[in-house]
Amino acid sequence: MNNYPFGSSFHSYPRTDFDLESGIPIKRSRKPKNPSFRMLKSLGNRFHHYFKLHPLMALFIALSFSITILIILSFYGSQHRTTENGYVKLDLSLNDYPFPKLRNLVMVAGHSIYTSSSCGKIEKEDSWFLESYQKNPGQAATFVTHIQEGVQIVASDDSSLLLFSGGETRKDAGPRSEAQSYWAVADSKGWFGKQESVKWRALTEEHARDSFENLLFSVCRFRELTGTYPQNITVVSYDFKEERFAHLHRSAIGFPESRFFYAGTPAASNSKAAALKGEELVRTQFTRDPYGCRGSLYHKKLKRDPFHRSIPYPNGCPEIEALFRYCGATPFPGTLPWA
């Protein structure tokens with residue numbers, strides 16, 4: 001039976017929440033609306049109203065805005081491209097490169113790291129980090145001869161770039177590269193009287209771990225510095241390595257024989273026999289594995305990277321990226337810029 005007076009209402013579900021223990025009503029405050037949301041909503045309403053009044057003009061404004069955004073994105077994309085290996089490279093005009101007028105590459109292959117704190121002992125064996133097979137009287141002088149030969153060749157050709165090539169290949173020598181060692185020695189000798197002519201166009205390639213990489217990486221480094229690939233290449237090393245460089249390595253990168261030159265200097269007189277024997281073995285290995293990417297040559301390269309340096313190539317020479325990735329017993333079958 002209803003105990004409430006007639007006409008009175010019963011609210012079975014009150015609008016106000018109560019605290020269950022005290023019975024006191026709980027007041028809930030409304031959250032204020034975000035002012036930014038209000039502004040956006042207001043702008044949206046205005047644009048909608050304007051669109052109804054002037055549909056053609058509104059369409060033109062929207063189209064103009066979209067084209068502007070596309071132009072900005074297109075410009076940004078053309079300036080910054082990301083390669084497959086994750087590096088970002090810039091699309092530069094030829095004049096944006098440091099040495100756009102240099103056309104010929106002279107590469108001096110590094111064979112050791114200079115460890116002395118004084119540059120006055122460059123022809124002393126104890127100033128260099130030498131492997132057991134290199135510890136021969138006169139060995140240090142052969143390194144200096146290579147450096148001087150490279151400087152002299154570049155001095156006689158105004159359109160050539162000198163690169164000293166060789167990475168941080170010896171753990172006990174510390175994080176110092178062969179290339180920087182050779183550059184420092186040349187600088188300490190005043191560039192053998194050719195400083196004004198040569199120093200400004202003498203640089204380094206500091207990642208190579210063997211003779212094939214000396215050549216391939218230097219070609220890529222040349223592209224980084226000049227914006228083009230070399231018209232002519234001259235390699236400076238020991239005379240007994242000429243067959244390895246001028247035939248095996250040159251053929252592996254498909255560079256024309258008529259544009260490839262070799263400047264060989266003799267080994268120390270008392271180490272020549274052992275050097276020739278060792279060179280015969282290495283030539284045999286590169287004949288079977290021209291790109292040094294398998295077996296003993298590959299493992300030798302790993303040992304010559306004690307600090308696990310990341311190799312930036314072929315980021316600076318995208319046209320020959322496929323050559324860097326190639327690992328085969330036959331010559332690279334693809335197209336090359338100099339072929």
Side-chain angles (χ1 to χ4, degrees), residues 89-90 92-114 119 122 142-168 176-208 211 213-237 245-246 249-250 253 255-256 258-265 311-320 337-338:
K89 67 177 186 293
L90 297 177
L92 305 174
S93 67
L94 198 58
N95 290 330
D96 291 326
Y97 289 89
F99 306 99
K101 295 182 179 180
L102 300 183
R103 292 290 176 264
N104 301 320
L105 167 63
V106 177
M107 185 273 286
V108 178
H111 294 92
S112 187
I113 296 170
Y114 192 76
C119 286
I122 60 174
T142 65
F143 305 150
V144 180
T145 299
H146 290 158
I147 298 168
Q148 184 174 5
E149 183 72 13
V151 170
Q152 297 290 351
I153 293 172
V154 170
S156 64
D157 178 12
D158 293 337
S159 62
S160 63
L161 173 72
L162 175 60
L163 285 180
F164 296 113
S165 174
E168 298 170 0
R176 297 185 259 196
S177 71
E178 296 172 352
Q180 278 291 340
S181 296
Y182 280 37
W183 192 98
V185 168
D187 199 46
S188 72
K189 297 291 286 184
W191 298 89
F192 303 94
K194 307 293 183 180
Q195 179 167 326
E196 186 176 347
S197 169
V198 174
K199 183 177 180 179
W200 67 272
R201 51 194 173 114
L203 291 100
T204 59
E205 183 294 301
E206 301 184 54
H207 297 279
S211 56
E213 289 186 346
N214 283 139
L215 179 58
L216 179 62
F217 288 6
S218 292
V219 169
C220 189
R221 185 79 175 111
F222 186 94
R223 165 70 171 80
E224 286 182 329
L225 293 166
T226 67
T228 61
Y229 291 96
Q231 291 183 357
N232 300 287
I233 297 176
T234 300
V235 172
V236 180
S237 187
F245 275 104
H249 296 340
R250 180 196 59 76
I253 69 168
F255 199 83
S258 61
R259 292 158 49 194
F260 191 94
F261 306 92
Y262 192 84
T265 65
I311 297 175
Y313 318 117
N315 186 46
C317 50
E319 298 84 359
I320 59 172
W338 47 80

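Excluded from the calculations below are hydrogen atoms, water molecules and symmetry mates; all remaining heavy atoms, backbone and side chain alike, are included.
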Less than 4.5 Å apart, any side-chain heavy atom of Y182 and any of T204?
-> no

Should S159 and K101 count as side-chain neighbours, where that means a heavy-atom distance under 4.5 Å?
-> no

With R176 via salt bridge (charged side-chain N to carboxylate O under 4.0 Å, His left out) - residues at least two apart = none

Distance-only, no hydrogens or angles: does the S218 side chain make a donor-acceptor pair with backbone N or O of L215 under 3.5 Å?
-> no

Report yes if some heavy atom in the side chain of V235 is under 4.5 Å from a heavy atom in the side chain of N214; otherwise report no.
-> no

State, yes or no, whether a side-chain contact exists between L105 and N232 at a heavy-atom distance under 4.5 Å.
-> no

Quick one: does H111's side chain get under 4.5 Å of F143's, heavy atoms only?
-> yes

R250 CZ to F260 CZ distance, which is reported to the nearest 0.5 Å = 7.5 Å

Separation of E168 CD from S181 OG (nearest 0.5 Å) = 10.0 Å

Decide yes or no on side chain to side chain contact (heavy atoms under 4.5 Å, CB included) for F192 and V144, but give the supporting numbers first.
-> CA-CA 11 Å; F192 303 94; V144 180; 4.1 Å; yes

Can you tell me if R223 and Y97 form a side-chain donor-acceptor pair at under 3.5 Å?
-> yes

Output all residues satisfying side-chain contact (heavy atoms from CB on, under 4.5 Å) with P256, sequence neighbours left out; order by chain, then residue number.
-> S258, R259, W338

Closest heavy-atom pair and its distance - E178, G110 = OE1-O, 3.3 Å

Would you say the side chains of S160 and N104 form a donor-acceptor pair under 3.5 Å?
-> no

May I ask you to check whether H146 and S237 show a side-chain donor-acceptor distance below 3.5 Å?
-> no

Please examine the side chains of F99 and L203, heavy atoms only from C-beta on, and report whether any two atoms are closer than 4.5 Å.
-> yes

Step-by-step side chain to side chain contact (heavy atoms under 4.5 Å, CB included) determination, R221 to Y313 = CA-CA 8 Å; R221 185 79 175 111; Y313 318 117; 3.9 Å; yes

Nearest atoms (heavy-atom pairs only) where I233 meets P230 = CG1-CG, 3.9 Å

Is it true that a side-chain atom of W183 and a backbone atom of A202 form a donor plus acceptor pair closer than 3.5 Å?
-> yes

Do you know which of V154, I147, V108, L162 makes side-chain contact (heavy atoms from CB on, under 4.5 Å) with V236?
-> V108

Can you see which heavy atom on F222 is nearest to which on T228, and at what distance?
-> CD2-O, 3.3 Å

Who are the side-chain contact (heavy atoms from CB on, under 4.5 Å) partners of D158, not counting sequence neighbours?
-> R201

Contacts of type salt bridge (charged side-chain N to carboxylate O under 4.0 Å, His left out), residue E206, not counting sequence neighbours = none

Answer yes if the side chains of Y229 and E319 hold a donor-acceptor pair under 3.5 Å, and no otherwise.
-> yes

Would you give the length of the straight line joining atom OG of S211 to atom CE of M107, rounded to the nearest 0.5 angstrom?
-> 8.5 Å

Any chance you could measure S165, atom OG, to L216, atom CG, to the nearest 0.5 Å?
-> 10.0 Å

All salt bridge (charged side-chain N to carboxylate O under 4.0 Å, His left out) counterparts of D157, not counting sequence neighbours = none

Over all atoms of both residues, closest heavy-atom pair of I153 and A263 | CD1-CB, 3.8 Å

Residues two or more places apart in sequence or in another chain: which of them pass salt bridge (charged side-chain N to carboxylate O under 4.0 Å, His left out) with K199?
-> D187

Answer yes or no: is there a side-chain heavy-atom contact under 4.5 Å between Y114 and I122?
-> yes

If only atom types and distance count, is the side chain of E205 paired as donor or acceptor with the main-chain N or O of H207 below 3.5 Å?
-> yes

Roughly how far, to the nearest 0.5 Å, is CD of Q148 from CH2 of W191?
-> 12.5 Å

Side-chain contact, heavy-atom cut-off 4.5 Å: L161 with L225?
-> yes

